[in-house]
Amino acid sequence: MSTTEEKSLNFIEEIVEEDLRSGKYKTILTRFPPEPNGYLHIGHAKSICLNFGLANKYGGATNLRFDDTNPTTEETEYVESIKADVKWLGFNWAKELYASDYFEQLYNFAVDLIKKGLAYVDDSTSDEIAASKGTPTQPGTPSIYRDRSVEENLQLFAEMRAGKYKDGEKVLRAKVDMASPNMHLRDPIMYRIKHAHHHRTGDKWCIYPLYDFAHGQSDSIEHITHSICTLEFIPHRPLYDWFIEKLDIFPSHQYEFARLNVTYTIVSKRKLLQLVNEKIVDGWDDPRMPTISAMRRRGFTPESLRDFCEKIGVAKRENLIDYSLLEFCVREHLNKIALRRMVVFDPLKVVITNYEVGKVEMLKGENNPEDEDTTYRDIPFSREIYIEREDFMENPPKKYFRLAPGQMVRLKNAYIIKCEEVMKDEQGNITEVHCTYLPESKSGGDHSNIKVKGTLHWVSIPHAINAEVREYDRLFTVENVDEAPGDFKDYINKDSLHVVANAYAEPALQHAKFDERYQFLRKGYFTLDMDTSEEKLVFNRTVTLRDTWAKEKGKA
RNA sequence: UGCCCGAUAGUAUAAGGGUAGUACAACAGAUUUUGGUUCUGUAUGUCUUGGUUCGAAUCCAGGUCGGGCAACCA
């Protein structure tokens, strides 16, 4: 008998299961339909996990389809980054497709609707069309071109395609209902004229279909069973269904879920583009960005992102997810896989006065205590070491477990030391601390019988190697950036990047690899940045460790 | 003033007429050679008013609140 709790289904999974159970479909086909006009972000990750996840779970497939119907904003660079991101997240698409692959077919669909008297060419200007649409509470008024004959429409549309007209001179509109309470049904535009170069079709076309006359038809052509999109497309659904019905083609169905929002971040392509263009960040993959490429560079793992998308759920209610959930997911995974290393960011010299001058001991340190068969690396120990400056206080508050005059601490993987003397310069700044060590307290063979509260990380000064460490904080200062009054850029966190130019790392890090993750003891999780060169190691901080001591201090 | 969505702890998300559960966050404690990990425990919730019912988060009606809809964007 199984004791495993049955995981509850989200509302889309319920629809899919019902469709499968009822025999409506034998197998499902979903699609992930990005427009190649920007980089994918954490919000897209939710959509990717949903669409591909559904197909994986129910034995179907997912197409990657680029919604490239607007040649003026779309570029091949984006196509490549999107493909890389989806792959990195761990998903494989059945087919790589483009809405532009269907331009000829879409054109024929339009001709079909013209012949059925359901579409017409309109010579009105953009402003005139907007004005005649009415308002949500007032019906629109029909265009004077609405009743052109089929023959005339056919000829005009052919001339549009042939390039006889300038941009904006004419459009093709669906003849639906100018009085509909749904604005999207008030004779929506199907085609506009754009003499622009398309990233795939080049100059073959000068008319391009709009979203409403491309997306649903593309779904139908591919026989997509479940076309999943975000809430703002709900009012488009009647039109989606209308085109499919009038064209009498495969009936794909659209379902809508609430997009992801995360505290202290933005997921608007427009705003992200602005951050990049205005050089507020260093590019789409600046590790502070919520893009998938940035998160990859920062050290997030695909496993942790998928886990996050699983945990946030799928529903129709608008939501704002705590950034701390993302941090939890990444820590949970990194804790299992990260190699433990010691790195001192802000050094304070410690001299162990009773340790032999010139002596070097190789100590063993666990690579990862979470591993059942943990392996070890060698760590050199000597008379002079660095500890973190914040790990020493001359006048410590109560409950301070670190080094202080007369106090003892454990050096991780090494000995217990006791602070004997504090050395200062003329200004009174602490320059170094003199300690004695307990030879019988060596890690692994401790028979000192002494228990200490604190354990510090450290590096041997003569063996330390240099590294640059980049510490990131949230990009915005307010939880809900979209709701904050004024311009979103007013809430940029000025301290979102802190660079430690000269950190001291234990020698094992000399051989750090790009695909490895590290936990710098008591500091956080780190990974090598691509700026690393022969001369310089550069690490990105993916996320800090949970820090209950910082919280304790905050209370004081 | 039209149409369309939605409303369950701080944040998300379950319970589909029968004990309001889970995760993150918070708080308290235990363990710990990382103030990490792990473990234990605590507090906090069904928008509102009626109705149906032995019984309502769930079904019905009204209200309130939040969101969306008038790009030749997607």
Side-chain angles (χ1 to χ4, degrees), chain A residues 5 7-10 14 33-35 37 67-70 72-74 122 125-126 129-131 133-140 167-173 180-186 189-194 207-208 210-212 214-215 229-238 256 258 263 269-270 311-329 331-332 335-336 340 342 366 369-370 399-402 409-414 416 441 443-444 446 451-457 479 519-524 544-553:
Chain A
E5 288 276 311
K7 172 99 175 61
S8 59
L9 305 175
N10 66 50
E14 285 177 358
E35 182 188 10
N37 68 345
D67 231 334
D68 56 350
T69 57
N70 186 357
T72 51
T73 58
E74 293 150 8
D122 194 331
T125 65
S126 179
I129 290 176
K133 283 232 171 173
T135 70
T137 52
Q138 292 161 248
D167 287 10
E169 218 175 311
K170 285 179 167 50
V171 292
L172 183 73
R173 288 228 254 174
S180 171
N182 181 340
M183 298 294 293
H184 295 277
L185 259 20
R186 319 247 261 231
I189 296 172
M190 294 161 59
Y191 270 91
R192 78 287 220 190
I193 298 170
K194 262 183 199 261
I207 57 171
Y208 294 92
L210 274 95
Y211 170 85
D212 285 309
H215 199 98
C229 60
T230 45
L231 256 28
E232 66 266 29
F233 292 99
I234 290 177
H236 294 249
R237 189 177 351 120
E256 311 87 7
T263 55
K269 265 198 221 175
R270 201 196 90 244
K311 283 187 159 73
I312 59 178
V314 177
K316 300 186 80 157
R317 175 187 347 167
E318 300 197 7
N319 59 81
L320 180 62
I321 306 286
D322 277 344
Y323 190 82
S324 61
L325 180 62
L326 217 204
E327 291 187 321
F328 169 82
C329 292
R331 284 188 188 118
E332 189 178 48
N335 177 49
K336 292 196 184 82
R340 312 295 135 121
M342 295 197 284
E366 290 179 311
E370 300 292 315
K399 294 214 279 186
Y400 185 80
F401 303 151
R402 290 120 88 147
V409 294
R410 157 76 60 184
L411 293 176
K412 178 73 180 175
N413 299 129
I416 291 174
S441 67
S443 284
D446 185 350
K451 288 267 173 283
V452 293
K453 288 281 224 179
T455 300
L456 308 185
H457 63 280
E479 277 203 346
Q519 183 195 104
F520 293 174
L521 251 49
R522 308 205 301 135
K523 284 293 187 184
T544 61
L545 255 26
R546 260 185 79 216
D547 190 350
T548 48
W549 170 241
K551 248 187 263 179
E552 189 71 29
K553 277 192 298 186

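Throughout, a chain's letter reflects where its sequence line sits, starting with A, and its residues are numbered from 1.
The interatomic distance linking A:Lys453 (NZ) with B:G36 (P) rounds to 12 Å, in whole Å. A straight line from CD of A:Glu318 to P of B:A7 spans 11 Å, rounded to a whole angstrom. When rounded to the nearest whole Å, the span between CD of A:Glu370 and P of B:U38 equals 7 Å. The CG-C1' distance, from A:Asp68 to B:C73, rounds to 14 Å in whole Å. A:Ile321 has its CD1 atom 13 Å from the C1' atom of B:G10, to the nearest Å. Rounded to an integer number of Å, the gap from A:His236 NE2 to B:A74 P is 10 Å. The nearest whole Å value for the distance from the CZ atom in A:Arg522 to the P atom in B:G36 is 11 Å. Taking atom OH on A:Tyr191 and atom C1' on B:C72, their separation rounds to 14 Å, with Å as the unit.
Spacing between B:A43 and B:C24 at atom C1', rounded to whole Å, works out to 16 Å. Comparing B:A71 with B:U58, their C1' atoms sit 41 Å apart, to the nearest whole Å. For B:U46 and B:G10, the P atoms lie 9 Å apart once the distance is rounded to whole Å. Of the C1' atoms belonging to B:G17 and B:U52, the separation is 11 Å, rounded to the nearest Å. One P atom belongs to B:C60, the other to B:A28, and the distance between them is 45 Å to the nearest Å. Nucleotides B:U49 and B:C54, compared at atom C1', are 23 Å apart to the nearest Å. Between B:A30 and B:A15, the distance separating the two P atoms is 39 Å to the nearest Å. Nucleotides B:A57 and B:G18 are separated by 13 Å at their C1' atoms, to the nearest Å.
The side chain of A:Leu210 sits closest to B:C72 out of B:C72, B:G35, B:A70.
Using a 4.0 Å heavy-atom cutoff across all strands shown, A:His184 reaches sugar-phosphate atoms only and no base atom. If you check every strand for non-hydrogen atoms under 4.0 Å, A:Arg340 touches a base. As judged by a 4.0 angstrom heavy-atom cut-off over every strand, A:Tyr323 is placed among residues making no nucleic acid contact. In this structure, A:Thr263 reaches neither bases nor backbone, as no heavy-atom distance under 4.0 Å exists between it and the strands shown. The residue A:Thr125 sits close to a base: some heavy atom pair falls under 4.0 Å. Nucleic acid contact class of A:Arg237 (heavy atoms, under 4.0 Å, all strands): none. At the heavy-atom level, A:Lys194 lies under 4.0 Å from the strands shown only through sugar-phosphate atoms. Base contact: A:Asn413 has a heavy atom under 4.0 Å from a base atom. Using a 4.0 Å heavy-atom cutoff across all strands shown, A:Phe233 reaches at least one base atom of the nucleic acid. A:Ile234 comes within 4.0 angstrom of sugar-phosphate atoms only, judged by non-hydrogen atoms across all strands, and of no base. Within the 4.0 angstrom heavy-atom criterion, no nucleotide atom of any strand lies near A:Pro139. Looking at heavy-atom distances under 4.0 Å, A:Gly524 makes no contact with the nucleic acid at all.
Ring orientation note: the planes of A:Tyr211 and A:His236 are nearly perpendicular, at an angle over 60° on the 30°/60° scale.
Between B:A71 and A:Arg270, no contact under 4.0 Å exists linking OP1 or OP2 to a side-chain N or O. Residue A:Arg173 has no polar side-chain atom (N or O) positioned under 4.0 Å from OP1 or OP2 of B:C72. Put simply, A:Ser126 has no side-chain N or O that comes within less than 4.0 Å of OP1 or OP2 on B:A71.
In the interface, the side chain of A:Thr455 is not paired with the base of B:U34 through any donor and acceptor atom under 3.5 Å apart. At a cut-off of 3.5 angstrom, counting only N and O atoms as typed in the model, there is no donor on one side facing an acceptor on the other between the side-chain of A:Arg317 and the base of B:U13. Side-chain atoms of A:Gln519 come within donor-acceptor range of the base of B:U34, with a qualifying N/O pair under 3.5 Å.
If A:Gly134 and A:Asn37 are placed on RNA chain B by their nearest nucleotide, the residue sitting closer to the 5' end is A:Gly134. Nearest-nucleotide assignment on RNA chain B puts the 5′-proximal partner with A:Pro136, out of A:Leu320 and A:Pro136.
No donor-acceptor pair under 3.5 Å is formed between the side chain of A:Asp212 and the backbone N or O of A:Ile189.
B:A74 has no stacking from A:Tyr211 on its base ring, since the centres under 5.5 angstrom apart and planes within 30 degrees of parallel are not both found.
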Report summary line: Nucleotide by nucleotide, nucleotides 22-29 of chain B touches protein heavy atoms under 4.0 Å in the pattern (B base, S sugar-phosphate only, - none) -SSSSSS-

Query - Which nucleotides of RNA chain B pair, in dot-bracket form (Watson-Crick or G-U under 3.5 Å, | meaning another strand) - result: .((((((..((((....[..)))).(((((.......)))))....(((((..]....))))))))))).....

Report task. Begin with the C-alpha distance, continue with both residues' side-chain angles, and end with the deciding distance and a verdict on side-chain contact (heavy atoms from CB on, under 4.5 Å) for A:Lys269 and A:Thr73. Result -> CA-CA 12 Å; A:Lys269 265 198 221 175; A:Thr73 58; over 6 Å; no

